[in-house]
Each structure stands twice: as C-alpha cells, then as structure tokens.
Amino acid sequence: MELAKKYNPREVEDKWYKKWIANRYFNSKPNPAKRPFTIVIPPPNVTGVLHMGHMLNNTIQDILIRRARMQGFEACWVPGTDHASIATEARVVNMLKEKGIEKNSLTRQEFLKYAWEWKEKHGGIILEQLKKLGASCDWERTKFTMDDDYSESVIRVFVDLYNKGKIYRGVRMVNWDPQAKTAVSDEEVNYREVKSKLYFVKYKIVGEEGDIVVATTRPETILGDTAVCVNPADERYTRFHGKKVIVPLVNREVPVIADNYVDMTFGTGCLKITPAHDINDYEIGNRFNLEIIDIFNDDGTISEKGQVFVGQDRFKARSLAAKQLEEDGLLVKIEEYVNKVGYSERTDAVIEPKLSMQWFLSMKEISAPALENVVNDNIQLVPAKFKNTYKHWMENVKDWCISRQLWWGHRIPAYYLPNTNEFVVAETDAEALELARKKTGNAQLTLADLRQDEDVLDTWCSSWLWPIAVFDGIRYPDNEDINYYYPTNVLVTAPEILFFWVARMIISGYEYRNDKPFSDVYLTGIVRDAKRRKMSKSLGNSPDPLDLIRDYGADGVRTGMLFSSPAGNDLLFDVKLCEQGRNFSNKIWNALRLVKGWNTTNDQHTIRESDEVAIEWMEARINQVLLEIDDHFGKFRISDALLSVYKLIWDDFCSWFLEAIKPDFEQPIALITRNRVVDIFEKLMKIAHPFMPFISEEVYQQLKDRADSDSIVIAAWPKPENFNKEIIEKAQKAFEVVANVRNIRQQKQISPKESVRLFAKLENLETYFPASKMIWRLANISELDIVTEKIENAMSFHIGADEWFVPVNMTIDRDTEIDIVQKEIDYLVGFLQSVLKKLDNEKFVNNAPANVLEMERKKGHDAEKRIVGLGRKIGRITIDEIVSMARATDPIGIFDSGIGGLTVARAVKRVLPEEQLIYFGDTAHLPYGDKSTAAIQAYSIKICDIFLQRNCKVILIACNSASAAATDLVTEYVSKRARVFNVIDPVVNYLREKYRESTIGLIGTKQTVGSCVYDNKTAALGNNLVLKSLATPLLVPMIEEGFLQGDISQEIINEYLKKPSLKDIEALILGCTHYPLIKEQVRNYYGGAVEIIDSSEIVAASLKAFLEYNLLVNTKRVADDLFMVSDYTESFESLTKLFFGEQVQLEKNTLWE
RNA sequence: GGGCUCUUAGCUCAGCUGGUUCAGAGCACCUGCCUUACAAGCAGGGGGUCGUAGGUUCGAAUCCUACAGGGCCCACCA
C-alpha cells in the first residue's frame, strides 16, 4: 500500500489508543515478579478543562511511565480528579445565579444536589482530554476525592488527628473573603499595590482640650477602635500615656497605650487599634487585653456592633465615614498613598481580616519528618533549588486552618451538643450519638439533638492523602495495592503548590504510612507565552490544547512542549515548537516511506562495503546516545533526553545513515541489509516511544508484520550495549571530509549530481578507515587516492594534520586563496603562541597535571604542523619562519639604550605606516657603550619580556652596542615567539649584495668602532671588503644639543671625514642611530661620490621585506604606537621630536624599580 | 525589609568536582538548491570580552567578594 506523502496523525492516533485500551496495556495490578513504578496524577479540578500546564505536566508523567513500562517495571499511573471545594462551589453558585437561584435560598441538601449534577455533567471531561494526549493511565483506577471510600478516608483521618490532639478549634484572625463568605488561607491571598488614601483623623482627649491625630487608610474601621497606640519612646506623646481619647463617629472612650510595634516615623506616629480587623492590632489587643468589636457582617457590610452605617457595604461605609468626619471637623487632611491590599485568589474580592472560629491542624510536630526527609535527600526535589525554599517554609510552618465555610466538600464530623459549644467528633452519626450520650450522661439523646458543624474541610485536607487514599491505604492500611505501590516513584507537579500540596502529602505520608509518599518530585515550570506572560484564560493568550493536538498531532504537541522545558524553568510556549514537533513526526514518516519503498534482492553482491560500515556505525551511535538518554532520564532532564532522541533520528539516522545506505536509483537493496536497517529503525522507535507514542507505534507496526498482541507499548526498552567507539570517531572525521567536499561544491557551484575526485595527503590511513568507505557515496566521489604531494589546481581543506584535495577546473583566484589561508595562519599562530606561553611558564609546567601538560604539547605540535602545511600552500614560506612568526596585526618592538633608536623607528614607520610600534628606551642605563656585555644582555632580555608580553611579532634591537652584545642571546631567548632584528646584520647583508673588492668606511661611537663587530662580520662575507672605521665621539653630543644645521656642525663633520683613515672609500656606513640626522651634512661633504649607508633605512627596508615575504605586513592599524622609557626627564621627551620627527609622549616604565 | 536564585549567540537554554565536552545545543538568521523518502525538505555558513569590577590560582564561564539588573518565596507598615 502506498503511504501518504505526509504523516496524518489524526487517523493514526485514535486507532492506536483504542487498541491500547482494548488490550489493557495500561492496567496494572500488583505483580511480585516485577518492581512497581508508580505515579499518581496531580488531580485536576473535577470540572476543569485541560490547559497548557496540564499538557506539560501530563506529558512528562506519560513519558516517565511509558519508559518504565518498557523497562519492565509494573507501571501504574493513577488518574483522578479533585473536588476543589472553593472553585467548584463558586462555579455552581454562578451557574445557579444565572438560573436566578440564590445559594442562600437553598438548603444544604438542595445545593449539594445541584452541585453533584454539575459534577456529573462536567466532571471528568479533562480525563477524556488526557486520552487525546496519549496519557497511559490505568483508567480503571480513576479516583475522585469525594468518592465514598475517599471521603471516608478523609473523615477517618480528621477523627484520628482530633483524637491525637492535633486538631483544635480556636478564634483566629483569618483572611475573610466576603464574597465567597469563607476564610481563605494565607497562600490564597494575593497582595497588590493599590493607590489609596491616607486619612488623618483627630481623636479628642477626654477631660481636656486638644487631640491626637491618627493616620488610617481605613476610616470605616474606626467604629471598631478600642485603643490608640503610640511608641513608648516617642516623646511627642509621652504626656498622653494612660489618658483616654474619644473615638470619632461612635464617641467611645478608649485608652492611649504604648507599644513598640508602632513606627514613630510613619504618619503621625500614632496608631488606632482595631483588634477585630487587623492582625497586628489583634496581637496588640491581646497584650493589652482590649475589647474586640467586630463591626462587619460575613458579607462585608457593617454589623449592629458598628452602631452607624449599619448594613452598608464596607467601601460605602468608608466614604460615609470620611464624609462624616469632615462634617464633624475631625478630618485633618487626606494624602494620596500607595499600599498593598490583599485580594482573594479565587474571587478577587478584597480580603477582610476577621476574627473567626475555625478548625486548625497543629503542624509543628507532625511536619518534622517531612522537613527531615527532604533535607536529607530521602525525597529529592528536582530541580534541587527548591529544597532551600522548602526548608525555609517548613522551618516556619504555621498551623493549618482546615475549615472552609462552604458546602461542597467533606463536612467536618463534629457534632455540637444541645445548647452548648461542646462537641464530639466521630466518623459516623451513630458513633457521634454514642459519644454524645456518654459525654452528656443523657442516654435519651437522639441524633436530632445534635448539630453537625456546617463547615467543610479545606480541599487540601483530602488531596494531601492522595498517594495513600487512591490505594485505599487509609481504610485498609495493609491491603495488597498500598503495600505494593506505595511509596510511589515520582510526583510531577507545579512549584506553586509545593507547600499547599506536596509538603502536606509528605507530612501525611509519614503520619499514616511512616514512609515517604514518593521518592522524587519533579517540579515543572509555568507555561508562559513568548512575551513571558503567564498563560491564562483571562489574558486570552492560551491556545486550546485540543486545537493544537488537532493541528500538530499529539506527538507533535508533546515534543513541542518538551523541546524547551528544563525542570523548574518556565516554558515559553510558542506554536513554532509544536510545528517543530510535527515536522519531526513527518521526518520519521518519510524515513519509513523510504525504507518501505525499497525493492529487495537476495543477491549478496549488492551488499556494499560501505553498508557494513554504516550499520556498524549506526549501531554504535545508538548505544552511545542510549547511554546519554539514560543519563538524562536519571537526572530528570527530559528535555535533553528528547533532544538526544531528536538528533539521533534526524541527524544520525536520516541525514547520515540512510543517505549512506540507500541504494542507487531504482536499484534493489540486499534483503539482509534491509532487515538490519529495519531492526535499527525499530530500535529507534522504541527509544522515541515515550515521547511520541503514536507515530512510534504506527512505524513499529508498519516495519514488520506483527501479531495482534504485539505493541511497542509493551516492547522492551533497548539496553545500551558495548559499542565501537573507534568507528564513531572515524566516522566523525569521514563526515567532516564529506562536509568539506560539499562546501567546495557549494563554492565552486558543482552540482551534487556531478561526481568529483578526491585526494588525500595523510599522516596515517588508519585514522579514517573503514569509515572512509562512506565518503564515496555521501560526497559523490568518483576517485579517491592517497597522494604524497599537494595537488595543483585543486581546492583543499584540512582535517587535523591531514590535507585533502578536490581538483577543480576553474582557476582559483590566488589572492583570495592567500587571503583565506593567511587568516587561518593568523588564528593558528595566535593559538600556538598561547600554547607556547603556557609551556614556557615554569609554574604551569610544574603544577599542571601530566595529562593537561601532554594535551598542551600535542596542541602545540598539531598547530605547528598545520601552520607548516598552510604555509606551503601559499608556497613561499620556510618552515622555521612560519613557526617563528607572529600575526600580522601584532606590534613591532624596538629598543635602544636611549631615544636615538627613534631614528630607526621613524625609518620603519615611513616604510610600514600601518604597523604598531612599541618603543623602549632604556634611558635609566644610558649609554650602553659603557656597560659590560653581561649587563647589556641582562637588560636586553628584560626588555624583550615586555615585548613578548605584548605579543610583538618582531623585536628590533635599534642599538649598535646591544646588537653586537645581545643579538644571539635574545634570538635564542625569544625563540619562536618573535623574530629578532638588529641594526648591524641588515647592513652587512646589504654590503654583501652590493659591494665586492671594495673599501667601505664606518663612523660610529668609540664603543662600536672599538668592538670591531662590523670588521668581523664584513670579513666573514668573503667579498674581500676592506673596512675603514673611525670613532666620531663629538657627533652624539652635538646632535643632542641640536647643532645640526649651520657651518659649525658642518665643519666638525668635515673635520672627521677628512681624516686619512676614511680615505678612498666607496661607501660610508653611519654606524650610530644618531647619525641619520646628519646624513645631509655627510652627503654634502662627499658631494655624491660616496654612498651614504643609513643603517636605519637599511634595517627598515629589510624588515619590510621580511614581513612582506611572510605575509606579516599589517595592513590595518589596530592600536596606537607606544613609547616607553625606563627613566623619564622632560629633555628626553623634547628630544623625541628631533629623532622621531614628531613629538611623542613618553611613558615611564617601572621595569627596574 | 528577610531568605533563595539567576545573568553565557538574536531567542530559549546546556556547560558537573576550576584545565579538550571550553566557549556548546536547539530555534531563529544568511546563502545555494523543487537532488526520485521528506520544501513540514536538503546542503553550506555567519553569530558570544560567558552581567560589571576586583580577588584567589600556573590557569576562572566555573571558586570568593562587591556592585548592577531580573525572578521566586516569606513577612508586611497603619
């Protein structure tokens, strides 16, 4: 049968889900032969509908449970729903309101009847939606927190805790929601900043003139004031202590009290105390034994006790109070003020702090093991960052208000005795009656005499038993299920309910099973939109999950959700992710089409060597990635696990393996080969199945003829086997070759259909073989040969130290090629330098571990080889030069004993304008001529360190003395890190090229002439040159004094040049860095008959030639020149203009300090 | 205000006990291709001073300190 060109998830998904249910793959019962793997679903609200958070949450659970099932665990995922008392009751009330029925007009029984009807109608929709997602829950175990057995468990626990003395009844300040007329927990109150007003109100002093001004945001609560409080340290009010004031509006006399709670700096420093309506006031009230006047009704209107504004809503009462105060002349002023106001999470009504009789569960003792077992990692929170928050919360846990003034829920099993507040607590009416008779001593008491508490329990009071109660472990603590499945393995839920629910489950687990409820808690992030806004109905930014499933397939949505959702991190949802998921499904589908489309043959000759290699490689890769995936799962990195699967299938299997193995057009494939491909495909589908249950099943079924009872759902998860690491490494290299060939094709516009020849100049054939077999097909190669020399007219590339060539017809643009190669060389040289620097560092060599050292050496070695190879490619560079060279943009270092060397710098600048120069004048040791050879060498080496630190590519010794004394040593010291030039050798080389059998003159300082360095070097040339030298000591001071122009200086110069020792010369070497400045005068003397050899120019020219030859010329200046001296004077600086042609700023270097 | 946590490519994130997993992945982007499984595709490519400033170290994205800017939790000012 022809397969559709595109994968159609809709047909496939329903088909397989039905089969899975029919075959009862998801059902579980205790099986002693297997280890259990249990997950209990976080029960969604029974009347809720699936939202994106559920999708993420349940996808993760399904992935975990499916994988466990395949791994051979007895996998059990228990689904169910929560009665969600507040939310559901609110919804039913709304529904009734729409019908024109007020809740107040109904009896409890009537209301509950409506509520149950509503539940039956809307309940469980969400579970049906989960099936569309592919959730593999054991649906026969579906639980509802108000099922009879479950309710019985809840009540039993209440009675038990009561009997243990953990539950008590007390007056407490609660967060009252006047709209829902119920107390809500602290956690269900949202504080928001609101603009409000601060009213300043006068309270008259009793028995004397004057008043105290109090600031309040809630003037209506004045009706309940029973004191005014100041800080005892506040001297402004000391005189009022113990006096009485008159509460406005109600004219009640109340005391002025002093308490540290009051902030002297806020408002007037004077606080009105309303114990019934503010938690802090309540506490102060307790301390001072103040009267408590509750001025509100349950619905937020003013009660009789308020005396005025009775029956008015609290906000109306506020404006009325303000108005009245103003009329009474007691309102001083009103200020704008921003404060935080609590809102009910459920109804969004402003929370009213209110004293109320509530039921409480004492948390301190009962929660101790829950803290301990998370801290000691007996229960792991994933990600672990929540551990700290959890710890903080549990250490400061407050008693839990467990009563709610609602009807929908578990009614508190407390029965009040007639005409008293005394009560009994029992699981059933009958038991209650018996207890009541006992307590009263009245055997005649009937049930009708008892009045059961009207309130129900907080929703969390049932859901905190979830992992136990779904297995009926409260009522039957020793039943088979609970013994087998408890503790469960993983809980997957949202961090928002870490304390509401997770912590409390842990508490109940230790209380009722003496064991943890689960081993790991995986906390998912919040699903947000691309703008980081939380997805919510009210914002309308949440897509309907079922629409997504329809459009992208369940597999597509599942993978889409997981592509970017590390544990605990928010998921920024984007339909593009689902698109990516859908595309992945399609990719798999098309791979199936390819494999199914092959014609097979039994002819063994069709088996290619490359097929064997490809299969071996693919199998190795699967094993390798399988290890990765298992590791990811172990750390709950589900997203990473998915990405590994994605890349394994898309990149490795489709892009490389199938391309390598697919037969040529219309050619058959050997049956043996095909079968092995099918096995590999099947294995991949098993790995993908937890993430993509539907398409993996479809492909699994299509690949082979399967028995009806066979399904990928119950197939075994592949175990990672030992694998051939070598083939993976070799294939990696082979694929690199392929990619490079493809790149060349792209550059040279060679069609993939046109085959090319490929040549390799290799160090070792073994590094590719046998993976190299795959290159032929993947790169469409007609000929592959090993060569020993580079191929002409070919594009080339490197893999490690190997070079590969693809001959191309077109002429290659030499310049661009050189450009490209040069860039690569630049990079490598920089890299090599950094390596050499490390290896030169004694401390590194001594301290670094052997393997790191070894690695560095190898890195350096490889880089050198690469550089040599690349240099040869340009064909102009000798190996030593390449290795020693630095990058073109690196600076040139020049040093001299003083600033005379600036003439050399100037000459260099002229011919190499873009180079960055770093000049060092060792003015602290001026002049070098006086110093011993050893001293000059020592100075030179230290100066070279400065240059090396700054990555100088060339170090130029612009000093004749240092050139003579230190060139050899410096060259050796600098080694490959930079090229060393001096001012003598280039001149000598110049003579060699130009003069033969000639007489050459030299003028220089006494030291230079006395050292005979020029004599020795010219003699060594063998050109039969005669060198006539003359020391000209007057010239340096003369130049430094600025005597350059004019007759006197010309006279002095003439006097020297007239000397017989310079007679009959053909050329004259200016052997001192100062002398270029008097070149004109010297030339004047000879009138052109003698060549004046300016060593600075010669050196500059030779440097330029070197840089050009080695492609090291800096063509784009990247940094400014830098001039350093070791001793600074202003006269040095002023002399720079003379030598360098422009004034430069000298920077003092503290090298010698 | 207290506690926790984060800052790495245009976006979302990996990067473990300092050193070849050291600067990475996916997406996005750019270029060229309708090549007989797949245009929901193929091939190739360019992106980052690892928030800033110090310190420790032979060596820091990684450890320490301070600062800046996000996020979460707790408490809450009349």
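Following rounding to the nearest Å, A/Ile588 (CD1) and B/G41 (P) show an atom-to-atom distance of 13 Å. The distance between atom CZ of A/Phe584 and atom C1' of B/C38, rounded to the nearest whole Å, is 13 Å. Between the CD atom of A/Gln746 and the C1' atom of B/G32 there is a distance of 5 Å, given to the nearest Å. Atom-to-atom, CG of A/Asn740 to P of B/A43 comes out at 15 Å; the value is rounded to the nearest Å.
OP1 or OP2 of B/C38 sits under 4.0 Å from a side-chain N or O of A/Lys5. Proximity of A/Lys587 to the phosphate of B/C42: a side-chain N or O atom is located under 4.0 Å from OP1 or OP2. An OP1 or OP2 oxygen of B/A40 is reached within less than 4.0 angstrom by no side-chain nitrogen or oxygen of A/Asn590. At the phosphate of B/U31, neither OP1 nor OP2 sits under 4.0 Å from any side-chain N or O atom of A/Arg742. Between A/Asn586 and B/G41 there is no side-chain N or O to OP1 or OP2 distance below 4.0 Å.
Atom name C1', nucleotides B/G59 and B/C73: the rounded distance is 38 Å, in whole Å. Nucleotides B/U49 and B/A61, compared at atom C1', are 11 Å apart to the nearest Å. A distance of about 40 Å separates the P atoms of B/C16 and B/G32, rounded to the whole Å. B/G44 and B/G26 are spaced 13 Å apart, taking the P atom of each and rounding to whole Å.
Within the 4.0 angstrom heavy-atom criterion, only backbone atoms of the sugar-phosphate kind lie near A/Tyr646; the bases stay farther away. Counting any heavy atom pair closer than 4.0 Å across all strands shown, A/Leu271 reaches a base atom. Counting any heavy atom pair closer than 4.0 Å across all strands shown, A/Arg218 reaches no nucleic acid atom. Among the atoms of the strands shown, base atoms are found under 4.0 Å from some heavy atom of A/Arg582. Among the protein residues, A/Val214 comes within range of no part of the nucleic acid, since none of its heavy atoms lies under 4.0 Å from any strand. Looking at heavy-atom distances under 4.0 Å, A/Trp650 makes contact with sugar-phosphate atoms alone, never a base.
Summarising the geometry of A/Ile799 relative to A/Asn740, their closest heavy-atom pair is CD1-ND2, 3.5 Å, with the distance given to 0.1 Å.
Taking A/Phe691 as the reference, A/Phe633 meet the ring pair (Phe, Tyr, Trp, His ring centres under 6.0 Å) condition, with sequence neighbours excluded. Considering only residues two or more places apart in sequence or on other chains, A/Arg742 meets the salt bridge (charged side-chain N to carboxylate O under 4.0 Å, His left out) condition with none of them.
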Apply side-chain hydrogen bond (donor to acceptor under 3.5 Å, both in side chains) to the pair A/Asp225 and A/Thr274, showing each step before the final yes or no. CA-CA 4 Å; A/Asp225 282 358; A/Thr274 322; 2.8 Å; yes
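In this structure, A/Phe735 and A/Asp281 both approach RNA chain B, and ranking their closest nucleotides by distance from the 5' end singles out A/Phe735.
Contacts between residues 651-661 of chain A and RNA chain B, defined by a heavy-atom separation under 4.0 Å, are made by A/Cys654, A/Ser655, A/Glu659.
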Would you write the dot-bracket representation of RNA chain B, where each base gets (, ), [, ], | or . depending on whether it forms a Watson-Crick or G-U pair under 3.5 Å and with which partner? (((((((..((((.....[....)))).(((((.......))))).....(((((..]....))))))))))))....
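Interface remark: the A/Lys576 side chain does not form any donor-acceptor pair with the B/C27 base, using a distance-only criterion of under 3.5 Å.
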Return the polar atom pairs (N/O with N/O) between nucleotides 16-25 of chain B and the protein under 3.5 Å, or none.
residue	atom	partner	partner atom	Å
B/A25	O2'	A/Lys647	NZ	3.3

What's touching nucleotides 5-10 of chain B from the protein side, N or O pairs under 3.5 Å?
none

